[in-house]
Amino acid sequence: MISWKKEMDLNKSQRNNRKLDGPINILGIETSCDETSVAVVQDGERILSNVISSQIDIHKRFGGVVPEVASRKHVEGINFILQEALEKADLKLDDIHAIAVTYGPGLIGALLVGIAAAKAIAFAKRIPLIGVHHIAGHIYANHLVKPLQYPLIALVVSGGHTELVYMEDHLQFEVLGQTRDDAAGEAYDKVARAIQLPYPGGPHIDRLAQKGIPSIPLPRALMDDSFDFSFSGLKSAVVNKLHNAEQKGETLNKEDVAASFQESVVDVLVTKTIRAVDEKRVKHVILAGGVAANQGLRSRLKEKSVELGFDLTIPPLALCTDNAAMIASVGYFSYLKGDWSDLDLNGIAGLPLPKDK
Ligand code: KG4
Ligand code: ZN
């Protein structure tokens with residue numbers, strides 16, 4: 001069987017004549033967790049549409065994402081969301097140059113829904129299929145705000161990831177450090193549950209933290225010799241403080257618990273980011289992932305960027321959380337590079353960030 005990538009190469013001249021003289025339209029698909037999203041992005045930076053359907057209300061009552069439910073909801077929604085994304089972009093599938101789809105990391109059943117849809121379109125329309133790493137997507141959400149300037153440091157903090165990534169050029173990722181246990185967002189969600197806040201707890205803790213005083217002493221896993229993170233010790237320390245207080249018949253002020261926890265998380269995230277900025281001598285820092293919405297983290301990084309004179313980009317909220325526009329943006333650069341996938345592209349739940357994609 002001739003490989004899809006090869007067949008695409010054979011068809012390159014035909015496609016060149018047809019559409020490559022104008023802007024390049026990439027259709028992105030993201031279904032790695034609990035958001036079904038389809039977007040059309042032009043030249044890697046102009047969002048023509050970015051339709052996001054969140055399943056959060058469905059998973060809320062279970063206190064977290066239920067993988068099987070997530071897959072089913074993606075199946076129910078994907079065709080409608082695809083249609084809406086094309087309508088909003090005022091384009092047809094014939095105007096699309098390539099399909100970019102998240103193929104990992106994520107929930108395997110959820111990933112496979114997006115991948116199956118992407119393959120069907122690529123095959124039917126005979127256009128390239130491009131598998132995109134989810135974290136690369138979060139990083140490129142920043143490119144939709146302002147062109148990335150290299151070398152840069154990206155702090156990726158979400159419900160599933162905490163990663164400090166160094167980049168010297170497009171699609172060249174060097175993971176300096178990552179979490180050894182809980183992701184930052186996961187720690188937020190677990191601490192929120194311990195103080196009876198609804199899922200996802202991050203935004204609630206953030207809101208309470210603004211009103212509290214960081215008066216409760218909590219650990220900071222700074223691990224000076226490493227860029228890795230660890231948040232499970234901090235989470236356990238909070239839970240222990242709550243239990244100890246309960247046993248003494250006392251109740252800790254929730255706002256102070258939130259403020260103390262947030263102070264510790266932000267201290268660790270910002271200290272390591274600044275250390276990486278120093279070591280790698282970068283001029284641009286970008287923030288990505290759902291926890292990038294955190295007010296404490298945003299304001300501390302802003303202060304540091306002024307104090308130390310580096311450029312800081314923080315995407316708007318809708319681009320911080322999972323969306324397909326960020327996937328389409330990565331897809332554009334992979335498309336230019338000829339870094340396309342074959343039709344046997346598979347979902348990989350624990351996909352590592354490739355060093356040079
Ligand atoms: O990137 P995202 O939407 O999904 C993943 O790929 O994980 O991130 C969701 C995570 C959740 O853990 C949520 O609690 C956290 O981001 N989050 C926040 C805030 N907003 C969302 N954490 C802290 N402060 C916030 N304001
Ligand atoms: Zn994500």
Side-chain angles (χ1 to χ4, degrees), residues 28-37 39 50 52-56 59-60 63-65 67 70 101-107 110-111 114 132-142 154-163 165 178-179 182-195 197-212 231 234-235 238 257-259 261-266 268-270 286-301 314-327 329-330 349-351 353:
I29 301 181
E30 157 64 44
T31 62
S32 68
C33 190
D34 59 344
E35 263 96 24
T36 319
S37 180
N50 190 19
I52 306 165
S53 165
S54 174
Q55 307 173 356
I56 242 168
H59 298 287
K60 223 174 207 162
V65 178
V101 61
T102 307
Y103 74 112
L107 303 170
L111 288 166
V132 171
H133 192 285
H134 183 73
I135 299 299
H138 274 303
I139 292 173
Y140 274 75
N142 285 273
L155 175 65
V156 186
V157 272
S158 73
H161 307 276
T162 310
E163 262 149 2
V165 181
Q178 54 199 318
T179 185
D182 291 350
E186 192 180 354
Y188 262 96
D189 295 339
K190 287 178 177 168
V191 166
R193 193 195 288 213
I195 50 174
L197 294 170
Y199 173 84
H204 297 285
I205 297 223
D206 194 13
R207 186 174 36 82
L208 291 184
Q210 320 292 322
K211 300 184 207 150
F231 292 107
L234 170 63
K235 173 201 65 192
V238 175
V257 173
F261 168 74
Q262 179 140 310
E263 180 92 342
S264 173
V265 174
V266 171
V268 172
L269 292 175
V270 174
I286 62 182
L287 194 53
V291 184
N294 188 268
Q295 289 307 323
L297 180 59
R298 292 167 94 101
S299 59
R300 187 85 72 84
L301 272 178
I314 305 177
L317 237 53
L319 293 177
C320 282
T321 48
D322 291 352
N323 68 89
M326 65 187 197
I327 303 304
S329 181
V330 180
L351 183 70
L353 193 58

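The chain is numbered in sequence order, starting from 1. Because the structure is a prediction, the values reported are computed rather than measured. Order of listing sets the numbers, starting from 1, for every ligand and every atom in it.
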> Would one find an N, O or S atom of His138, in either backbone or side chain, under 2.8 Å from the Zn ion (ligand 2)?
Replying inline: yes

>> If the cut-off is 2.8 Å, does any N/O/S atom of His161 fall short of it from the Zn ion (ligand 2)?
In response: no

Which residue and non-hydrogen atom of the protein lie closest to [atom], and at what distance in Å?
atom	value
atom 12 (O) of ligand 1	Asp189 OD2, 2.7 Å
atom 1 (O) of ligand 1	Gly290 N, 2.9 Å
atom 23 (C) of ligand 1	Asn294 ND2, 3.4 Å
atom 26 (N) of ligand 1	Asp206 OD2, 3.0 Å

> Looking at CD of Glu30 and NE2 of His138, how far apart are the two atoms once the value is rounded to the nearest 0.5 Å?
Replying inline: 7.0 Å

Close-contact set for ligand 1 against [X] heavy atoms, below 4.0 Å:
X	value
His138	1 (O), 6 (O)
Gly159	5 (C), 7 (O), 8 (O), 9 (C), 10 (C), 12 (O)
Thr321	3 (O)
Gly202	14 (O), 18 (C), 19 (C), 22 (N), 23 (C), 24 (N), 25 (C)

> Between His161 and His134, what is the ring plane arrangement, given parallel below 30°, perpendicular above 60°, and tilted in between?
Replying inline: tilted

>> Which atom name does Asp322 have for its N/O/S atom nearest to the Zn ion (ligand 2)?
In response: OD1

